[in-house]
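FYI, side chains are in, hydrogens and waters are out, and symmetry mates aren't considered; it's all heavy atoms of this structure. Note that ligands are numbered from 1 as they come in the structure, with each ligand's atoms numbered from 1 the same way.
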Amino acid sequence: MKNIKIIQELHDLGITGYHEVVYNPTYEELFKAEISAKNKGFEKGALTESGAVAVKTGIFTGRSPKDRYIVKDDVTKDTICWDGKVNFPTTPEIFKSCKELVLEQLSTSKKLYVVDAFCGTNPDTRLKVRFVMEVAWQAHFVTNMFIRPSLYELENFGTPDFIVMNGSKTVNPDWQAQGLNSENFVMFNLTERIQIIGGTWYGGEMKKGMFAMMNYYLPLRGMASMHCSANVGEEGDVALFFGLSGTGKTTLSADPKRYLIGDDEHGWDDNGVFNYEGGCYAKVIDLTEEKEPDIFRAIKRDALLENVVVNEYGEIDYKDNSITENTRVSYPIYHINKIVLPSKAGHAKKIVYLSADAFGVLPPVSILNEDQAQYHFLCGYTSKLAGTERGITEPQPSFSPAFGEAFLTLHPTMYSKTLIGKMKEHGAKAYLVNTGWNGTGKRISLKDTRAIIDAIIDGSVDEAERTIVPIMNLEIPKSLANVTEGILDPRATYANVSDWETKAKDLAGRYIKNFEQYCNTEEGNRLVAAGPQL
Ligand SMILES: Nc1ncnc2c1ncn2[C@@H]1O[C@H](COP(=O)(O)OP(=O)(O)O)[C@@H](O)[C@H]1O
Ligand SMILES: C=C(OP(=O)(O)O)C(=O)O
Ligand SMILES: [Mn+2]
């Protein structure tokens, strides 16, 4: 019965033609479809010895920010942050023309997958999203990543709040005349509440696409919307880990001592912190069971591996980066043993900003005061690591406001205002953690970072004897339990302190210059004193 209704709704959208419609497929159905011998090209999945299916995502092995557009119209012209860096504007006409390409692609397809799922744990703020696509593993990806409705919720799903139409097999021949970046497109129309995709098969566009929409709707209602992972301890103590891709959100939030809330996207309302997602999306480059046991063991039946190299026996070589550095696995959140369900908890008490500093200047941990918490959140200094975005092949220093610039739809100050407001209200403390490099030229070890996180969570970092790192103007602990001696002060990891100083002055200059954009307000001017000083 339901299928007839869905087919009617697809027709109303403009997806006509005769095709089989698979509505909210089970994992069993997805598995069969993915390993079917009939699959061609990038539709093919391979069974691995882990039990998970592995796919290749095609030409795109990461997001494509330059192909991402938002329709500029009456709804969005005064709300979206049109800063020329992230949210590229397009017209309703160009959107319509690309939408027609997608509709035609989906209309001529023999088989369509329709997945209804939630983005957001709480009924009052979640988006009911309908995904329409023709590739089985894309349906698997969104089934893993979004919140799977119960049968009852599915029966009562009602009208979707947002529709994502994925026409990855089509491209836009008119892109040049339309002044677009390429034949590939990822477009949002907030008036129609539709996202369309063409050219790229990469599932991350759907995941981070709906995140960008939550980043629009929630802060406008006064809630914090955050690019962070979250976990909670036995006592109900919530910690958040902000960070750009590859800085450690997923890795560090999977902590056997704590319960996982989510690994990437969260909101914070009057009741506490809640996840937007129903699954995790972990990096698997160089993964070992020893270093990351929880993630390693989450890779089993129903998990979906992307762009890993698999041999004829189904053995996975996690060290092989020949397809991309951004090898991944998605899995439903219950593949991690210690979780809270539904994915929410109380108010956060510890806020960690993860920064993978490619310059090797930042201390492994700094204790931030209130102004510094705001300053460093607006700066979002880190490095873009290879792989997640098209064109990034080596660590590239970047100031990414809110540690998630690529997904901010509103002005960055909307995110700092909402977050800092919540932090003050609930007495949360902030820390800056460098998960990147130091003077040794090597990345700070995961073991040391984990011990630092333990010290933040158990409060010992606040009790330790402290000192100030000049230029960067950061307060650090002198020693911490289980952290390698001599690494906490970055100056000590250089052969000559003057080498660190030269680099620190360069980085401080970049901070100061970057912050000028916030200096047109009294508050912004006041915050300058909280940052690095030359
Ligand atoms: N000191 C460190 N802290 C955190 N992660 C580290 C560290 N050193 C190496 N890594 C590696 O960096 C990657 C972090 O990726 P991930 O946790 O998926 O980031 P995110 O979720 O923020 O995108 C993992 O592959 C992890 O093994
Ligand atoms: C999936 C992504 O992010 P993260 O690495 O933060 O999980 C992404 O940036 O596309
Ligand atoms: Mn992650």
Point to revise | Those atoms of ligand 2 less than 4.0 Å from some heavy atom in Arg63 | key: 8 (C), 9 (O), 10 (O)

Review point. In terms of atom number and element, which parts of ligand 2 are under 4.0 angstrom from non-hydrogen atoms of Lys207?
Key: 1 (C)

Heavy-atom nearest option to [atom], drawn from [options]:
atom: atom 14 (C) of ligand 1; options: Gly246, Ser229, Gly436, Pro364; answer: Gly246
atom: atom 4 (C) of ligand 1; options: Leu446, Asp448, Thr449; answer: Leu446
atom: atom 6 (O) of ligand 2; options: Glu205, Met145, Lys249; answer: Lys249

Practice item. Could you say whether the N/O atoms of Lys208 and ligand 2 ever approach to under 3.5 Å? Key: yes

Point to revise | Contact with ligand 2 for Ser245, non-hydrogen, under 4.0 angstrom | key: yes

Review point. Listing by chain and number, what protein N/O/S atoms are under 2.8 Å from the Mn ion (ligand 3)?
Key: Thr250 OG1

Practice item. Would you mind listing which atoms of ligand 1 come within a distance below 4.0 Å of any non-hydrogen atom of Ser445? Key: 1 (N)

Point to revise | Side chain, backbone, both or neither: the part of Arg328 lying under 4.0 Å from ligand 2 by heavy atom | key: side chain

Review point. Quick one: nearest non-hydrogen protein atom to atom 25 (O) of ligand 1, plus distance?
Key: Glu292 OE2, 4.0 Å

Check your understanding: To the nearest 0.1 Å, how far is atom 8 (N) of ligand 1 from its closest protein heavy atom, and which atom is that?
Key -> Arg443 NE, 3.4 Å

Practice item. Taking the side chain as every heavy atom from C-beta outward, state whether Tyr381 and Val361 have any atom pair closer than 4.5 Å. Key: no

Review point. Can Ala282 be said to touch ligand 1, with heavy atoms closer than 4.0 Å?
Key: no

Point to revise | Test item, Asp263 contacting ligand 1 (heavy atom, 4.0 angstrom) | key: no

Check your understanding: Can the positive tip of Lys56 be found less than 6.0 Å from the middle of the six-membered ring of Phe42, inside 45° of the ring normal?
Key -> no

